[in-house]
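What follows is a short report on a single structure.
Numbers restart at 1 for each chain; the letters A, B, ... are given by sequence-line order, proteins then strands.
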Amino acid sequence: MYRFEEYAEGIVIKNTADFNIKHIFDCGQCFRWNEQEDGSYVGVAYGRAVRIIQSDNDIYIKGGKIEDKELWEYYFDLKRDYGYIKSELSRDEILKEAIKHGEGIRILNQDMFEIVVSFIISANNRIPMIKRAVENISRRYGKEIEFEGKIYYSFPTPDRLIRADIKELEECGVGFRAPYIVDTVSKIYKGEVDLSNIKEFDTDEAFKELTKLKGIGPKVADCILLFSMQKYDAFPVDVWVKRVMQHFYLAPDVSLNKIRQFGRDKFKFYAGFAQQYLFYYAREFKGKDAF
DNA sequence: CCTCAGGGCTCTC
DNA sequence: GAGAGCCCTGAG
């Protein structure tokens with residue numbers, strides 16, 4: 001069982017299980033963590049700038065405060081037994097292999113508003129570009145946070161991002177998605193859309209509500225559900241998951257919606273976890289001519 | 001159900 | 001240097 005302790009420069013989570021910071025931060029669920037030369041990750045979550053350092057099963061949160069213990073416990077989804085989920089999913093031979101590659105993946109509990117905007121930007125985009133745009137938006141509309149002598153920025157809240165117009169967002173590098181962001185942020189700001197309320201719906205109802213918003217199609221909605229609303233039966237199908245699914249399970253011409261349904265039916269309430277292992281697996285093979 | 005355009009950047013040729 | 005493709009969506 002893990003436990004939190006304080007140390008000179010922050011807090012440490014001792015004795016974690018199924019926890020690998022590289023797997024967690026590189027499995028496509030987050031855009032604000034950057035790997036450093038020493039293998040640690042620096043990033044901002046819920047307005048806190050910290051450095052995450054892994055030493056075997058101990059996770060150091062440099063700059064972390066002990067009063068935020070519950071916040072980090074929630075963020076890293078520590079209460080969930082990933083060992084059990086993996087053993088269930090390993091009954092499928094392909095998942096068993098995929099899990100070997102990303103055995104330390106955990107699904108982060110991220111801020112809903114940040115995830116909505118970040119994944120609108122993700123549409124037909126590349127990860128470095130998404131990261132850059134999210135960073136630019138944070139720098140322009142977020143709050144300053146000082147850490148290790150540098151200035152970092154929190155992702156803006158709706159009442160701050162509402163000030164952004166299409167032109168400014170384009171300058172941040174979001175491209176043709178700028179009007180979608182303006183529209184969706186305004187609906188959230190005005191209360192026409194209440195993300196906390198949508199979170200209480202079941203997965204299908206929440207999916208319907210989210211896809212009503214500009215810039216949110218099936219794939220982006222599934223990402224929002226999985227990465228910020230704890231809907232673990234969601235199965236986001238991006239190009240990578242599409243490739244693995246068509247290679248291992250389905251015919252090459254099966255539609256995205258069919259793949260989504262297949263994944264949800266096959267993996268049930270673990271579909272979202274399966275998707276993460278498959279995504280990480282697929283990207284490991286990038287350029288290796290596997291698919 | 002279908003097709004297609006849509007920042008801008010990077011990889012490929 | 002052109003062309004394809006990108007964690008895809010909206011419009012037709």
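Remark: C1' of C/dC8 and NZ of A/K214 are 16 Å apart, rounded to the nearest angstrom. Whole-Å rounding puts the A/E171 CD to B/dC9 C1' distance at 18 Å. Distance A/N125 CG to B/dG7 C1': 8 Å, rounded to the nearest Å. Note: CD1 (A/I120) to C1' (B/dG7) measures 16 Å, nearest angstrom. Between A/E170 atom CD and B/dG6 atom C1' there is a gap of 12 Å when expressed in whole angstrom units. Put simply, NZ on A/K242 is 11 Å from P on C/dG5, counting in whole angstrom units. Atom pair A/Y180:OH and B/dA5:P shows a separation of 14 Å (rounding to whole Å applied). In this structure, CD1 of A/I130 is placed 16 Å from P of B/dG8, rounded to the nearest angstrom.
At a threshold of 4.0 angstrom between heavy atoms, the contacts of A/F31 include nucleobase atoms, whether or not backbone atoms are also involved. Here A/V220 lies in heavy-atom contact (under 4.0 Å) with sugar-phosphate atoms only. Base engagement by A/G28 is indicated by at least one non-hydrogen atom pair under 4.0 Å involving a base atom. Counting any heavy atom pair closer than 4.0 Å across all strands shown, A/L256 reaches no nucleic acid atom. Contact annotation for A/L213: backbone-only contact, meaning every heavy-atom pair under 4.0 Å involves sugar-phosphate atoms and none involves a base.
Look at the P atom in both C/dG12 and B/dG7: the space between them is 15 Å, to the nearest Å. Here the separation of B/dA5 from C/dG3, taken at their P atoms, is 14 Å to the nearest Å. Here the separation of B/dC11 from C/dC7, taken at their P atoms, is 12 Å to the nearest Å. Rounded to whole Å, the separation between the P atoms of B/dC4 and C/dA4 comes to 13 Å.
Note that A/R260 lies in the cation-pi zone of A/F207, set by a 6.0 Å cut-off to the ring centre and a 45° limit from the axis.
Between A/F31 and the choices A/F155, A/F227, A/F25, A/F119, the ring pair (Phe, Tyr, Trp, His ring centres under 6.0 Å) rule is met once, by A/F119.
Scanning all heavy atoms of the two residues, the minimum distance from A/K199 to A/S228 falls at CE-O, 4.1 Å. For the pair A/R177 and A/I120, the tightest heavy-atom approach, listed with the atom from each and the gap, is CD-O, 3.4 Å.
Distance from the side chain of A/P218 is smallest for C/dT9 among the nucleotides C/dT9, C/dC7, B/dC9. Nearest to the side chain of A/R132, among C/dC7, B/dT10, C/dC8, sits B/dT10. Of the candidates C/dA11, C/dC7, B/dG8, C/dC7 carries the atom nearest the A/D238 side chain, counting heavy atoms from C-beta on. Across C/dT9, C/dC7, B/dG8, the shortest atom-to-atom separation from the side chain of A/C223 is found for C/dC7. With C/dC8, B/dG8, C/dC7 as the candidates, the nucleotide lying closest to the side chain of A/M129 is B/dG8. Here B/dG6 is the nucleotide among B/dG6, B/dT10, C/dT9 with the atom lying nearest to any side-chain atom of A/F176.
With 3.5 Å as the limit, one finds no donor-acceptor pair spanning the side chains of A/R106 and A/Y75.
Proximity of a side-chain donor or acceptor of A/D111 to a complementary backbone N or O of A/E114 within less than 3.5 Å is detected. Judged purely by atom type and a 3.5 angstrom limit, A/N125 uses its side chain to pair as donor or acceptor with the backbone of A/I121.
Comparing A/C27 and A/K212 by the nucleotide of DNA chain C whose heavy atom lies nearest to each, the residue mapping closer to the 5' end is A/C27.
When the side-chain nitrogen and oxygen atoms of A/R243 are compared with OP1 and OP2 of C/dG5, none of them lie within a distance under 4.0 Å.
At a cut-off of 3.5 angstrom, counting only N and O atoms as typed in the model, there is no donor on one side facing an acceptor on the other between the side-chain of A/K219 and the base of C/dC8. In this model, a side-chain donor or acceptor of A/R126 finds a partner on the base of C/dG5 within 3.5 Å.
In this structure, B/dG7 forms no base pair with any nucleotide, since neither Watson-Crick nor G-U wobble geometry is met with both distances under 3.5 Å. When Watson-Crick and G-U wobble pairs are counted only if both distances are under 3.5 Å, C/dC7 pairs with no nucleotide at all.
Taking syn as a glycosidic angle within 90° of 0, C/dG5 does not qualify and is anti.
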